[in-house]
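Everything numeric here is computed off the predicted structure, so don't read it as measured data.
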Amino acid sequence: MSRVPLTLACWDYDRTRALADGTVRPDGVDLTYLSLPVEETFFRMLRHREFDAAEMSLGSYATAVAAAPDAGGLIAIPAFPSRSFRHHGIYVNGDSGIENPSDLVGRTVGVPEYQLTAVVWIRGILADRHDVPVASVRYRTGGMHSPGRVEKQALDLPPEIDVAPIAPDRTLVDMLVTGEIDALYAPRTPRPVLEGRPEVRRLFADPRAVEEQYARDTGIFPIMHTVVLRRDVYEARPWLAGSLLSAFEQAKSLSMERMAETAANPYAVPWLYDEVERTRTLLGRDFWPYGLDANRRTLDVFLRYAYEQGLTDRQLAPAELFAPETHEAYVI
């Protein structure tokens, strides 16, 4: 029986490795897995629809869903290859005088893009839990380490939100070092922090403790990315949505089994067994769930943030994001 050729662009994750190497094959699909940096995948899929399926920024996708009935020709499945707590992604200039989150009010903050999922979570958490309203900060967009980054898709933001690009020959990290911006919200660690330079530091001195407390208080492990299909590919064969979701689930399960192996450590993490046990105690045995129902609360909070931050003109419901065939799990 012939299989449908399908190209998937997704980064090199342990939880998708079995898809990349062919250990897991989606039913009815001849999969070509392109391992690309996430920024490149998002840009090429949003601007040019180059792939049949792709990992996608949850923030950019939610913005597209709210902007057009067909989400600009995309439709998602509830697989979430990237999740991350983001308190550790708030950086400040060492001489800014910013010691507490509330000190960010009235300051100028760099963000690679306003629509970036990590930045949506950071702004929402700061507003909900640390008295930093979204519009109380001035946002400046651009490349972190290389100049010229722009928003992947056009935004129509409320006038009270001050967002503007930096000069095309400047970078956010250079401006943070010089104090031209006071802080930076970003998913990637700035080079000065990696190099141990004093000009830049994290806002939270012990971000893991703050992130673990957030998890205890909310039960949320923030979702960063989902997986989208080109709508024309999906509409030609709606069964692809379920086939891909099942394959992502299988690949993730294999990764989790491997992570729990103790006879011979599969990863270069000395206390991996303890890390797995600690994470399961805090987040539950299936701490990286796929599917709509298991992620409804997390998605509800994110979609509220997207609306409150002007990325969507209404608060979307989680079910609006995903192919109807994936809304319910098949139970034997």
Side-chain angles (χ1 to χ4, degrees), residues 9-14 35-44 46 55 57-60 81-101 103-104 107-123 125-126 130 132 137-152 163-211 214 222 224-225 267-270 275:
C10 189
W11 198 54
D12 180 19
Y13 298 109
D14 65 330
S35 180
L36 299 173
V38 293
E39 295 91 344
E40 179 179 350
T41 295
F42 301 164
F43 183 88
R44 291 172 65 178
L46 283 169
E55 180 179 6
S57 157
L58 183 60
S60 295
S82 178
R83 307 176 85 116
S84 182
F85 295 99
R86 286 306 185 190
H87 296 75
H88 66 275
I90 307 172
Y91 305 92
V92 299
N93 174 274
D95 295 325
S96 64
I98 299 173
E99 301 296 333
N100 301 297
D103 296 330
L104 290 163
R107 301 300 191 112
T108 301
V109 175
V111 294
E113 298 179 43
Y114 185 83
Q115 68 190 276
L116 221 63
T117 309
V119 175
V120 176
W121 278 109
I122 289 170
R123 286 191 300 257
I125 290 168
L126 287 172
H130 299 285
V132 185
V137 169
R138 296 179 295 275
Y139 302 99
R140 298 296 176 259
T141 63
M144 279 185 62
H145 299 109
S146 300
R149 182 166 180 169
V150 297
E151 298 282 351
K152 290 184 289 294
V163 181
I166 61 176
D169 61 342
R170 301 300 307 280
T171 68
L172 293 174
V173 168
D174 285 345
M175 294 177 71
L176 184 61
V177 167
T178 61
E180 295 168 85
I181 58 175
D182 301 297
L184 171 70
Y185 304 163
R188 291 189 180 273
T189 306
R191 287 193 192 121
V193 173
L194 296 174
E195 295 166 356
R197 293 172 56 181
E199 298 98 330
V200 179
R201 58 176 171 79
R202 285 190 167 94
L203 172 62
F204 295 104
D206 187 356
R208 176 160 184 167
V210 179
E211 291 168 352
Y214 171 81
M224 297 294 125
H225 305 161
Y267 299 101
V269 180
E275 189 66 32

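- Between the side chain of Thr117 and the backbone N or O of Leu58, at least one donor-acceptor pair lies under 3.5 Å.
- For the pair Arg86 and Ala118, the tightest heavy-atom approach, listed with the atom from each and the gap, is NE-CB, 3.4 Å.
- A cation-pi arrangement, defined by a distance under 6.0 Å to the six-membered ring centre and an angle within 45 degrees of its axis, is present between Arg123 and Tyr114.
- With hydrogens and angles disregarded, no donor-acceptor distance shorter than 3.5 Å links the side chain of Thr171 to the backbone of Pro147.
- Val120 is not listed as a side-chain neighbour of Gln115, based on a closest heavy-atom distance of 4.5 Å or more.
- Inter-residue side-chain proximity for Val150 and Pro165 is flagged as unmet; no heavy-atom pair is nearer than 4.5 Å.
- Of all non-hydrogen atoms in Tyr91 and Ala186, the two that sit nearest each other are CE1-O, 4.1 Å.
- When the salt bridge (charged side-chain N to carboxylate O under 4.0 Å, His left out) test is applied to Asp174, no partner is found at least two apart in sequence or on another chain.
- Counting only heavy atoms from C-beta outward, the side chains of Thr41 and Cys10 never approach each other to under 4.5 Å.
- Inter-residue side-chain proximity for Tyr267 and Asp14 is flagged as met; some heavy-atom pair is nearer than 4.5 Å.
- Here Arg202 pairs with nothing under the salt bridge (charged side-chain N to carboxylate O under 4.0 Å, His left out) rule; sequence neighbours left out.
- For the side chain to side chain contact (heavy atoms under 4.5 Å, CB included) test with Val173, the passing option among Glu199, Arg188, His145 is His145; the others fail.
- Once rounded to the nearest 0.5 Å, the distance linking CD of Glu39 with CG of Leu116 reads 8.0 Å.
- Arg197 places a side-chain heavy atom less than 4.5 Å from the side chain of Val177.
- The ring-ring contact (aromatic ring centres under 6.0 Å, His included) test applied to His225 returns Phe42, not counting sequence neighbours.
- A distance of 10.5 Å separates CD1 of Ile122 from CG of Leu104, quoted to the nearest 0.5 Å.
- With sequence neighbours excluded, no residue satisfies salt bridge (charged side-chain N to carboxylate O under 4.0 Å, His left out) with Glu211.
- Heavy-atom minimum distance, Pro37 versus Trp11: CA-CD1, 3.9 Å.
- None of Ile166, Val111, Val109, Thr141 except one satisfies the side chain to side chain contact (heavy atoms under 4.5 Å, CB included) rule with Leu172; the exception is Ile166.
- Taking the side-chain contact (heavy atoms from CB on, under 4.5 Å) definition, one finds that Arg138 meets it with Thr108, Arg140, Asp162, sequence neighbours left out.
- You'll find the side chain of Asp182 stays beyond 4.5 Å of the side chain of Asn93, heavy atoms only.
- With a 4.5 Å cut-off on side-chain heavy atoms, Leu36 and Glu55 do not count as touching.
- Aromatic ring pairs are classed by plane angle as parallel below 30°, tilted from 30° to 60° and perpendicular above 60°; the pair His130 and His87 is perpendicular.
- Only one option out of Val119, Ile125, Val210, Leu203 pairs with Ile90 in a side chain to side chain contact (heavy atoms under 4.5 Å, CB included); it is Leu203.
- In this structure, the salt bridge (charged side-chain N to carboxylate O under 4.0 Å, His left out) partners of Glu113, at least two apart in sequence or on a different chain, are Arg149, Lys152.
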Could you check Leu46 against Ser60 for side-chain contact (heavy atoms from CB on, under 4.5 Å), going step by step and ending with a plain yes or no? CA-CA 9 Å; Leu46 283 169; Ser60 295; 3.7 Å; yes

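- Counting heavy atoms from C-beta outward, Ser84 and Trp121 have side chains that stay 4.5 Å or more apart.
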